[in-house]
Amino acid sequence: MLKIIFPSVFILFLAIPTVRAVPPKDDSNAADANRNLEGQVNSVSQFSDIKPSDWAFQALQSLVERYGCIAGYPDATYRGDRALSRYEFAAGLNACLDRVNELIAAGTNDLVKKEDLAVLQNLQTEFATELTTLRGRADTLEAHTATLETQQFSTTTKLTAQIITAVSDTFGNRVGGEPDESRPYFANRGRLNLESSFTGKDLLRVRLEFGNFANSNGTSQIAAATGTGMTRLNFDYDSNDTLLVPHIRYYFPVSDSLNFVVGPTGIGYTDISTTVTPPTIADDGNGVPSLFGSYSPLFRRGGGGGAANWNITKDLVLTLGYLASSPNAPSASNGLFDGGYNALAHLAYYGGQGAIGVAYSHGYSPAGVVEVAAGTGSALSNAPFGNNIATSNDIVGAQGFYRFSPNFQIHAWGGYIWANAKNSGLSDISNGRGATDSLFVNSGDNANVWFGAIGMSFPDVGGRGNLPGILFGIPPHVSNSDVRQDRDNAYHIEAFYRYRLNDNISVTPGFWMILNPEDDSRNDTQYVGVIRTTFDF
């Protein structure tokens with residue numbers, strides 16, 4: 001019995017150019033396979049799409065004329081080049097087996113010829129090595145598949161990570177004229193992103209983060225040593241190397257032109273929109289090393305909330321977002337709508353060689369957590385009325401970049417801030433020399449702050465993946481105020497060179513100088529040097 005069935009099955013496989021296990025569609029089942037197949041044919045010539053030159057012609061002819069167990073489709077075609085579903089395979093195999101059983105029952109003499117058996121034996125001998133190899137590969141593949149299924153992290157979640165280490169130091173007397181207190185230091189920041197998709201188009205990101213760039217009271221080490229936040233690094237996050245979950249973000253589209261982003265914590269403007277800078281320039285681990293130089297301070301706001309992105313056209317995107325500073329706190333002057341918040345409207349146009357965007361941001365900072373300039377400018381620009389006065393702010397900004405060639409690109413951004421005092425009282429206000437003065441602030445007092453920068457970078461110069469660049473800018477500066485304005489303009493001059501060791505590791509030496517730190521020419525120039533090493537995997 002086995003010797004009778006095996007030749008038929010073997011010839012059936014020869015007659016199938018491609019055999020794949022194809023999952024049935026929702027409307028496919030065994031009955032469908034039988035309904036789709038026409039009755040048995042008596043000659044291979046009944047198939048309109050089979051020609052004598054086809055490589056499987058003889059096998060088909062044998063199955064039709066000797067065994068009569070090949071069926072076609074209602075349109076008189078065989079469709080030998082299409083994928084075979086499991087249902088169709090079962091229907092065809094069943095037809096052949098039924099025919100073989102009929103022949104056995106009828107006692108047909110030439111059911112299996114000696115020539116067929118000889119051909120099969122010759123094939124088996126000739127391809128013994130290949131069959132053994134294929135069997136070994138299949139066994140190995142099954143073992144690897146089983147290992148992956150039992151040991152994989154998740155079927156829907158992938159892990160990405162970025163680890164940054166930096167050796168840094170500053171040079172120059174501290175703001176206020178005190179001797180340089182900074183010493184070379186070595187610190188790190190790590191991010192582990194768990195990213196999941198449930199529909200193939202959405203994305204849930206849960207971030208685990210750790211770092212040790214701050215001192216015991218949470219102040220940036222380098223800012224504390226120099227007396228100004230203008231010397232801060234772009235990645236100087238601190239959790240005392242405790243692993244925290246500071247960021248949860250969920251992105252989901254509702255149509256080809258509209259998508260939403262929501263998150264209860266750690267959502268910034270950069271998570272709901274784009275900084276409109278060249279690729280990687282704004283990246284903490286692979287772009288500009290300084291906090292001020294990486295992208296516009298307008299985008300350094302966040303909390304928890306949501307945003308909508310509307311593709312007005314293919315190249316024109318409008319972002320509308322609202323982020324509360326402490327949405328998880330149900331106490332007074334906190335929560336989703338009763339505490340600090342920032343709202344963004346950003347219109348960006350993307351062309352073939354560059355992009356440009358205009359943005360408007362409105363925000364409110366309760367007393368005690370005022371940071372109008374997002375820590376990038378002078379202490380006065382961050383709290384124009386001191387930290388004891390609740391402050392609202394309105395910001396307009398423009399940003400863009402243009403790539404002149406594959407190896408040369410330029411980017412720029414700038415903005416203007418209107419700050420308004422929301423209550424009255426005495427407040428400690430920075431004097432630009434590392435100390436404060438107690439001044440009286442009236443509700444409704446105004447202050448104006450402006451900032452800007454322009455940079456040039458040279459992708460792949462010196463090697464694939466490398467990125468040298470320079471940047472010149474004016475950190476946030478209080479140009480006009482009802483209470484106090486900055487004495488002078490500070491100037492930020494920076495150069496860096498990202499050297500790509502491989503796809504996963506880069507090393508970036510960076511250097512910048514701050515003329516007139518804290519917007520006061522009485523302060524000595526600050527020099528900052530850093531060697532950043534980034535691991536992406």
Side-chain angles (χ1 to χ4, degrees), residues 148 151-154 157-170 184-197 203-215 220-222 231-249 266-268 270-271 274-275 277-295 300 302 455 457-469 471 494-512 528-537:
L148 287 173
Q151 297 182 0
Q152 66 181 346
F153 176 75
S154 171
T157 302
K158 67 176 183 179
L159 172 66
T160 64
Q162 183 181 80
I163 307 297
I164 300 173
T165 65
V167 177
S168 182
D169 195 9
T170 64
Y185 67 98
F186 184 35
N188 66 83
R189 190 202 72 182
R191 285 179 172 176
L192 309 175
N193 292 324
L194 303 174
E195 297 182 341
S196 304
S197 180
L203 182 68
L204 172 65
R205 178 193 297 144
V206 178
R207 174 175 295 160
L208 290 80
E209 191 166 12
F210 60 90
N212 64 351
F213 275 94
N215 54 28
S220 166
Q221 295 274 22
I222 204 164
T231 56
R232 287 183 58 184
L233 301 169
N234 186 25
F235 43 87
D236 58 359
Y237 172 83
D238 181 77
S239 66
N240 197 27
D241 274 337
T242 301
L243 192 64
L244 303 176
V245 183
H247 170 89
I248 300 175
R249 174 187 182 269
I267 302 297
T270 56
D271 296 304
T274 172
T275 60
T277 53
T280 74
I281 282 291
D283 183 85
D284 296 354
N286 294 285
V288 180
S290 69
L291 182 71
F292 166 72
S294 54
Y295 54 86
R300 291 192 177 278
S457 48
F458 310 88
D460 297 328
V461 169
R464 179 179 174 273
N466 294 347
L467 184 68
L471 181 133
E494 182 170 5
F496 65 94
Y497 187 95
R498 183 189 73 205
Y499 178 71
R500 177 70 64 182
L501 295 177
N502 54 46
D503 291 340
N504 303 102
I505 305 174
S506 66
V507 176
T508 307
F511 177 82
W512 65 95
V528 183
V530 61
I531 298 177
R532 177 187 64 197
T533 303
T534 304
F535 305 86
D536 291 290
F537 55 94

How far does CZ of Phe210 sit from CG of Asn240, to the nearest 0.5 angstrom? 12.5 Å
Test side-chain contact (heavy atoms from CB on, under 4.5 Å) applied to Ile281 and Leu467, step by step: CA-CA 9 Å; Ile281 282 291; Leu467 184 68; 4.1 Å; yes
Check: Glu494 side chain, Gly293 main-chain N or O, donor-acceptor pair, under 3.5 Å: no
Show your working on side-chain contact (heavy atoms from CB on, under 4.5 Å) between Leu501 and Val507 and close with a plain yes or no. CA-CA 7 Å; Leu501 295 177; Val507 176; 3.9 Å; yes
To the nearest 0.5 Å, what is the distance between OG1 (Thr275) and CG (Asp283)? 10.0 Å
Quick one: closest heavy-atom pair of Asp271 and Gly266, and the distance? OD2-O, 3.5 Å
If you measure from CG on Leu194 to OG1 on Thr157, what distance do you get to the nearest 0.5 Å? 7.0 Å
Start with the C-alpha distance between Ile267 and His247, add both sets of side-chain angles, then the distance that settles side-chain contact (heavy atoms from CB on, under 4.5 Å), and finish with yes or no. CA-CA 6 Å; Ile267 302 297; His247 170 89; 3.9 Å; yes
Closer than 3.5 angstrom, by distance alone: can the side chain of Asp536 be matched with the main-chain N or O of Asn504 as a donor-acceptor pair? no
Under a 4.5 Å cut-off applied to non-hydrogen side-chain atoms, are Phe235 and Arg532 in contact? yes
Side chains of Arg498 and Ser457 only: does a donor on one sit below 3.5 Å from an acceptor on the other? no
Please report the interatomic distance CZ(Phe458) to CG(Asn466), rounded to the nearest 0.5 Å. 13.5 Å
Run the side-chain contact (heavy atoms from CB on, under 4.5 Å) check on Thr270 and Tyr295 step by step: do they pass? CA-CA 10 Å; Thr270 56; Tyr295 54 86; 3.8 Å; yes
Exercise: identify the closest heavy-atom pair between Tyr497 and Gly462: OH-CA, 3.7 Å
Side chain to side chain donor-acceptor pair (under 3.5 Å) between Arg300 and Ser294, intermediate numbers included: CA-CA 11 Å; Arg300 291 192 177 278; Ser294 54; 2.6 Å; yes
For a quick test of reading the model, state the closest non-hydrogen atom pair linking Ser168 to Gly529 and the distance between them. OG-O, 2.9 Å
Could you check whether Asn193 and Arg207, counting side-chain N and O atoms only, form a donor-acceptor pair closer than 3.5 Å? yes
Give a yes or no on this: more than 12 heavy atoms of other residues, nucleotides or ligands lie within 6.0 Å of atom CG of Leu203. yes
Nearest 0.5 angstrom please: Thr533 OG1 to Asn188 CG, how far? 11.5 Å
Nearest non-hydrogen partners of Asn502 and Arg500, listed with the distance: O-CD, 2.6 Å
Between Val530 and Pro289, what is the shortest heavy-atom contact and its length? CG1-CB, 4.1 Å
I need the Arg189 CZ to Thr165 OG1 distance, nearest 0.5 Å. 11.5 Å
Go through the side-chain N and O atoms of Asn286 and Thr280 and say whether any donor and acceptor fall under 3.5 Å apart. no
Arg191 side chain to Ile164 main-chain N or O, any donor-acceptor pair under 3.5 Å? no
Are Val288 and Asn234 side-chain neighbours, meaning at least one heavy-atom pair lies under 4.5 Å? no
What are the two closest non-hydrogen atoms of Gly285 and Ser506, and how far apart are they? O-OG, 4.0 Å
With a cut-off of 6.0 Å (strictly less than), are more than 12 heavy atoms of other residues, nucleotides or ligands near OH of Tyr499? no
What I'd like to find out is whether the side chain of Phe213 reaches to under 4.5 Å of the side chain of Tyr185, using heavy atoms alone. yes
